[in-house]
Amino acid sequence: MQTIYNTLTRQKESFTTIEPGKVRLYSCGPTVYDYYHIGNARTFTVFDMVYRWLTATGYQVNYVRNITDIDDKIIERANANGETMQALTERMAAAMFEDSDRLKLLRPVHSPRATQYIDAMLDIIRMLEEKGVAYRGANGDVYYAVREFPEYGKLSRKNLDDLRAGERVAVASDKRDPLDFVLWKAAKPHEPKWPSIFGDGRPGWHIECSAMCREVLGEQIDIHGGGWDLQFPHHENEIAQSEGVYPKGQAKPFARYWMHCAFLNFDSEKMSKSLGNFFTLREVLNKLDAVQGGETVRFFLMRGHYRSEINYTWDTLEDARQTLLGFYIALKDVPPADVALDWNDPYAKRFRAALEDDFDTPAALAVLHELRREINRSGSKELAGLLRALGGTIGLLQDAPEAFVRGAKDSGSLDVDALVQERIDAKKSKNFARADEIRKQLDAAGIVLEDKPGGLTEWRRK
Ligand code: AMP
Ligand code: ZN
């Protein structure tokens, strides 16, 4: 039985879906004004894992990850670059997919862009106004009246009075309450705008997710995800918007399970664009081996439980690469048999129990380690097949082992295969000095030789 820790109830709950066998999964996606960093990559990888795992255990998962293609940062960056907002977001959305492919993220079933759902957002704002939870400020902005939604704060467990005490009342604000948030911003010069019954303008940030969830998945969804920081105000506001459209007291719960992925930190601080302490996924991948890099980062991100913070360092990344390499070496030495995944196998059972326990990837990977040791000991092709099949349920170990262990790193002018052959010949003619010299030369170039029975030699990256 799958369980999920639900931020809304602060409890691990058993997972049931609105429609039997089907999952409506929404996770907040990137704001496409720049390349995304490996902190963002962690959250995207976690929901990719959830998507793959629920699919592997028999659910039909409708996975939506939106693209935020309108907001202050985008407008600012496009103006600074002297390009249109569309040109910037097109370019960055394409780069986002490129980077995500390298990280082996499956494409979500839908990747809706905010600017294509303006009408759906306006519909919700209109409904909210009708219910008396949205109002127009004198400045032309439309706000959400948080005091009209008694359950405001239920996700983040924040109390309105405490929040207000911490809020400085903005001088020129048209808000009735400092916590009211903007749904529609009146048009300003040099900003994109859309016509509406509220006047020309553009949407606030939070409304886009309420609208895209509703349009693409329906009024109620099963799982809503995002990074830890999105609990407040973003997800709190999504709930207020999506549940505020119903007559008072008749609201249907918007999302049944709220999942939040803990931060990836750098130097013990949240990696973020605004702090400037970030590495883009792209720059990290470019520093890694082209063959091994994507899965290395993915593996590194999945080694921690999604609700625990993880720390990024070059060493932890290299350690992840070595460990992953160990798995691929096992699969190279014992070619996997093409077996169907048998959930009754004791290893498979334990692997499944780990992931069914709120997606406990470290525990699941520990089972794979045991399996690897058993494969190395027994040489069982069936177990190798099982290892590959289990890895596949969370997007690991699907590359050709031979190619993975060799990697792609440029070996300079060395023709590795020719040198390996020359060393074999040298050994045959008892020229051990030359054979040793070649081994040392390759070692210096980061290549490890493994002599196999029958005079064969295989090589791989260190
Ligand atoms: P953004 O493009 O900033 O809206 O972020 C996209 C997603 O990445 C959101 O779900 C964020 O919560 C998440 N995120 C941002 N920084 C981090 C981080 N350091 N670690 C994990 N997730 C993050
Ligand atoms: Zn969102």
Side-chain angles (χ1 to χ4, degrees), residues 7 25-50 64-74 77 88-89 92-93 95-96 99-100 103 105 108 110-114 117 120-121 124 155-156 181 183 203-217 221 223-242 254-255 258-281 284 297 300-302 304-313:
T7 313
L25 168 64
Y26 185 98
S27 85
C28 294
T31 306
V32 285
Y33 69 107
D34 207 339
Y35 301 120
Y36 67 85
H37 61 68
I38 54 170
N40 304 132
R42 176 178 196 198
T43 293
F44 303 155
T45 303
V46 162
F47 290 100
D48 178 78
M49 177 273 292
V50 169
V64 181
R65 191 184 63 219
N66 70 300
I67 296 176
T68 300
D69 63 350
I70 164 91
D71 94 325
D72 293 347
K73 288 177 294 222
I74 295 174
R77 182 67 63 90
L88 173 66
T89 57
M92 285 303 153
M96 181 272 291
D99 293 349
S100 303
L103 193 57
L105 301 183
H110 298 280
S111 303
R113 296 177 193 215
Y117 289 81
M121 299 183 213
I124 297 178
L155 176 68
S156 51
F181 59 91
L183 296 163
W205 171 32
H206 315 295
I207 192 69
E208 70 173 70
C209 288
S210 285
M212 288 184 274
C213 276
R214 192 184 174 91
E215 286 299 301
V216 186
L217 292 173
I221 65 171
I223 304 175
H224 194 311
W228 194 255
D229 53 334
L230 297 189
Q231 288 178 47
F232 187 86
H234 184 52
H235 290 161
E236 197 68 64
N237 292 353
E238 277 190 46
I239 293 175
Q241 293 163 159
S242 296
F254 164 46
W258 285 88
M259 286 181 67
H260 292 97
C261 169
F263 291 143
L264 175 135
N265 293 331
F266 181 66
D267 276 349
S268 307
E269 246 187 320
K270 178 201 173 194
M271 181 173 288
S272 82
K273 287 253 167 69
S274 51
L275 290 174
N277 63 344
F278 67 91
F279 297 93
T280 65
L281 173 63
V284 172
V297 176
F300 158 70
L301 294 172
M302 287 174 53
H305 187 272
Y306 78 93
R307 286 192 290 118
S308 308
E309 297 191 352
I310 55 175
N311 207 38
Y312 169 77
T313 63

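This one's a predicted model, so the numbers in the text were calculated from it and none came from an experiment. Just follow the structure's listing: the first ligand is 1, and inside any ligand the first atom is 1.
Not a single N, O or S atom of His206, from either the backbone or the side chain, sits less than 2.8 Å from the Zn ion (ligand 2). In summary, an N, O or S atom of Cys28 is located under 2.8 Å from the Zn ion (ligand 2).
For Gly225, the heavy-atom gap to ligand 1 stays at 4.0 angstrom or more.
Between the side chain of Glu236 and the backbone N or O of Ser156 there is at least one donor-acceptor pair closer than 3.5 Å. Between the Asn237 side chain and the Ile207 main chain, no donor and acceptor come within less than 3.5 Å of each other. A donor-acceptor contact shorter than 3.5 Å links the side chain of Asp71 to the backbone of Lys73. Side-chain N or O atoms of Asn277 include one that pairs as donor or acceptor with a backbone N or O of Ser272 at under 3.5 Å. Between the side chain of Gln231 and the backbone N or O of His260 there is no donor-acceptor pair closer than 3.5 Å.
Of the N or O atoms in Ala262, none lie within a sub-3.5 Å distance of an N or O in ligand 1. Not a single N or O atom of Leu230, backbone or side chain, sits closer than 3.5 Å to an N or O atom of ligand 1. Looking at ligand 1, you won't find any N or O of Arg42 less than 3.5 Å from one of its N or O atoms. Considering backbone and side-chain N/O atoms, Asp229 comes within less than 3.5 Å of an N/O atom of ligand 1. The N/O atoms of Trp205, backbone and side chain alike, include none that comes under 3.5 Å of an N/O atom in ligand 1. Between Gly227 and ligand 1, at least one N/O pair is under 3.5 Å apart.
Restricting His234 to its N, O or S atoms, the one at the least distance from the Zn ion (ligand 2) is NE2.
Put simply, the residue from Glu208, His110, Arg113 that forms a side-chain hydrogen bond (donor to acceptor under 3.5 Å, both in side chains) with Asn66 is Glu208.
Scanning the protein heavy atoms around atom 3 (O) of ligand 1, the nearest turns out to be Asn40 ND2, 4.0 Å. With hydrogens left out, the protein atom closest to atom 22 (N) of ligand 1 is Thr43 OG1, 2.7 Å, a heavy atom. Nearest protein heavy-atom contact of atom 20 (N) of ligand 1 is Leu264 N, 2.9 Å. Nearest non-hydrogen protein atom to atom 18 (C) of ligand 1 is Gly39 CA, 3.5 Å.
Near Pro30, with a cut-off below 4.0 Å to any heavy atom, the atoms of ligand 1 are 2 (O). Counting the atoms of ligand 1 from 1 in the order shown, those under 4.0 Å from a heavy atom of Gly29 are 6 (C). Shown in contact with Met271 at under 4.0 Å from a heavy atom are these atoms of ligand 1, numbered in order with element: 16 (N), 18 (C), 19 (N).
With a 4.5 Å cut-off on side-chain heavy atoms, Arg214 and Tyr117 do not count as touching. Within the 4.5 Å cutoff, no side-chain heavy atoms of Thr43 are placed close to those of Trp228.
Across all their heavy atoms, Leu264 and Leu301 have their closest contact at CD1-CD2, 3.6 Å. Of all the heavy atoms in Leu103 and Ala41, the pair that sits closest is CD2-CB, 3.9 Å. Residues Cys28 and His235 come closest through the heavy atom pair SG-NE2, 3.3 Å.
At a heavy-atom cutoff of 4.0 Å, ligand 1 is contacted by no atom of Lys273, backbone or side chain. Under 4.0 Å from ligand 1, heavy atoms of Thr31 appear from its side chain as well as its backbone.
The cationic atom of Arg65 (NZ for Lys, CZ for Arg) lies less than 6.0 Å from the six-membered ring centre of Phe44 and within 45° of the ring axis.
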